[in-house]
Protein chains: 2
Amino acid sequence: MLTPLNIPEGLKVACSNCNLRELCMPTGFNLDEMQKLDEVVEKRRRVKQGELLFSNGDTFTSLYAIRTGFFKTCVISEDGREQVTGFQMAGEIIGMDGIVSDHHNCNAVALEDAEVCVMPFSDIENLSRELPGLQRHVHKIMSREIVRENGVMLLLGNMRAEERLAAFLLNLVQRLHARGLSQSELVLRMTREEIGSYLGLKLETVSRAFSKFSEDGIIEVKQRYVKILAPDALKKIFNPQTYY
Amino acid sequence: MLTPLNIPEGLKVACSNCNLRELCMPTGFNLDEMQKLDEVVEKRRRVKQGELLFSNGDTFTSLYAIRTGFFKTCVISEDGREQVTGFQMAGEIIGMDGIVSDHHNCNAVALEDAEVCVMPFSDIENLSRELPGLQRHVHKIMSREIVRENGVMLLLGNMRAEERLAAFLLNLVQRLHARGLSQSELVLRMTREEIGSYLGLKLETVSRAFSKFSEDGIIEVKQRYVKILAPDALKKIFNPQTYY
DNA sequence: GTATTCGTTTGATGTGCATCAAAGTTTTTT
DNA sequence: AAAAAACTTTGATGCACATCAAACGAATAC
């Protein structure tokens, strides 16, 4: 059997016939350019659940395109406090935190068995001098991350617990939906504590917010399984003003 | 008189003899490369205190290198809540939020009369295909911003009011010191409310934290003027564990 | 199959910061 | 120079979320 999950680690696989291409790579390339693009992906790497793709202080060499699986990235303060800075899924690129200092500035942990495409950054840079489309794409990916983090700052600085959770759930399903999954059902890959860390809340507060949404008939929750029954109600919590 | 402040707006001025060059431009270029670099700076633009350099929704065309003055960037939620996402000073680059969608995703407001170098992004991209040093520099600047925002997320998600203010002050003086200013004295360019917005606090809380530091003999405050009397005490507040 | 560990839920209580309020100070306007 | 506006400080009170605690459920180990 030769499903994606069974391709041996280290084997070279082409972007050109990858079904995630539109998510992590630029579009509109001709055949010649596509072939060059294929060469950026050095190899694949498997990361088991709980294992680190890279950790704080590691020498930076590559960006990683997530092929399967789910990651969290987190920074840890000197006195041991952990802040989850993001959750990443198939088609998303991680590792850009390492460029500035040639060392990674956060940990990337697989929350389920995962496979990533390893893209040596020097190769990306070389090729993006040849392919303006790739160059622009790299810039956009980094800019997107900056804008995403701006949004998280707004959330952390201004929103109340239930607003944060509503925003979080809506963002997750939206991204899952863009990957062909349901826009109403999802299975959380992270614990309440990890959600709390991302949202600046304690796990008990996250749990209570889930229970509240459930009591109000907005969602159905059973452990990691979540079904969004009333997306508009969630959006209303997230952004009350819109509905006044 | 021809001090930098009196150069007419729109006049082309070279990076090659700019005293902020090491801060905003890559180093190690030869004369030929420096000349090319000079051409990236299309012109200068003045922004008066309180005016916008760009605002949310504006078409993205250029990055801006701050030559003089001080800016804040902020995002505003649909229901009107403002989150200051950063304060920027001379030698820093702003505008990268606009790359991903060709439109700016935040407002950039001058907190004092300012002058910026306008660098059309298409020119930056063109030249950085020729000059790997510039290419790498652009990547580093964006990565630095991602890492900075990671740090702010840690602050917003995990720290208490006094820790946040201590971290804020230490960061500010460190950056001012890198520009040849004192590492113990500073004049704040922003209001208590703007500091609070950045730190996820209300202005009263910021004011109380200032007063507390002042009572404890850690700083001297008089309105916008701040003198850091005991930097180690500030660092200890910011990161208690280090001193156990 | 039972024991253990890990994660989640729910309740009771505490606290750090927000909110409300008012006075004081500085800056800007006229 | 007086008046108005903007910003800051300080006190009193309230509340959202943290903390503490215990029971429950699911997953994993033995």
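Below, chains carry the letters A, B, ... as their sequence lines are ordered, and counting in each starts from 1.
Put simply, the side chain of B/Arg192 and the base of D/dT10 share no donor and acceptor less than 3.5 Å apart.
Taking every heavy atom of both residues into account, A/Asn105 and A/Ser101 meet most closely at ND2-OG, 3.4 Å. Annotation for B/Met142 and A/Ile146: closest pair O-CD1, 3.9 Å, computed over non-hydrogen atoms. Considering every non-hydrogen atom in both A/Thr191 and A/Arg224, the closest pair reads CG2-NH2, 3.4 Å.
Atom CZ of residue A/Arg45 and atom OG of residue A/Ser62 lie 9.0 Å apart, to the nearest 0.5 angstrom. In this structure, CG on A/Asp113 lies 8.5 Å from CD on A/Glu51, to the nearest 0.5 angstrom.
The residue among B/Gly200 and A/Ser207 whose nearest nucleotide of DNA chain C is located toward the 5' end is A/Ser207.
Legend: residues meeting salt bridge (charged side-chain N to carboxylate O under 4.0 Å, His left out) with B/Arg179, ordered by chain and number and at least two apart, are B/Glu92.
Regarding B/Leu111, its CG atom lies at a distance of 11 Å from the P atom of D/dC7, rounded to whole Å. Separating the CD atom of B/Glu204 from the C1' atom of D/dA12 is a distance of 13 Å, rounded to the nearest angstrom. Per the geometry, CG belonging to B/Leu201 stands 15 Å off C1' belonging to D/dA16, to the nearest Å. As a whole-Å value, the separation of B/Lys202 NZ from D/dC15 P is 16 Å. Between A/Arg81 atom CZ and D/dA18 atom P the separation is 14 Å, expressed in whole Å.
Using five terminal pairs a side, the axes of the helix from C/dG1-D/dC30 to C/dT30-D/dA1 at its two ends make an angle of 50°, given in steps of 10 degrees.
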Validation: residues 204-213 of chain B side-chain donor-acceptor distances under 3.5 Å, sequence neighbours left out:
| residue | atom | partner | partner atom | Å |
| --- | --- | --- | --- | --- |
| B/Ser211 | OG | B/Ser207 | O | 3.1 |
| B/Lys212 | NZ | B/Asp216 | OD2 | 2.9 |

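Residues A/Phe71 and A/Phe87 keep their aromatic ring centres 6.0 Å or farther apart. In this structure, A/His103 has its ring center no closer than 6.0 Å to that of A/Phe60.
Near DNA chain C, meaning a heavy atom under 4.0 Å away, the residues from residues 211-226 of chain A are A/Ser211, A/Gln223, A/Arg224. Proximity of residues 149-161 of chain B to DNA chain C (heavy atom under 4.0 angstrom from any strand atom) is restricted to B/Arg160, B/Ala161.
Of all nucleotides in DNA chain C, those with any atom nearer than 4.0 Å to a heavy atom of chain A start and finish, going 5' to 3', at C/dG7 to C/dA12.
Ionic pairing of B/Lys235 and A/Glu78 is not present here: no N-O contact between side-chain nitrogen and carboxylate oxygen is shorter than 4.0 angstrom.
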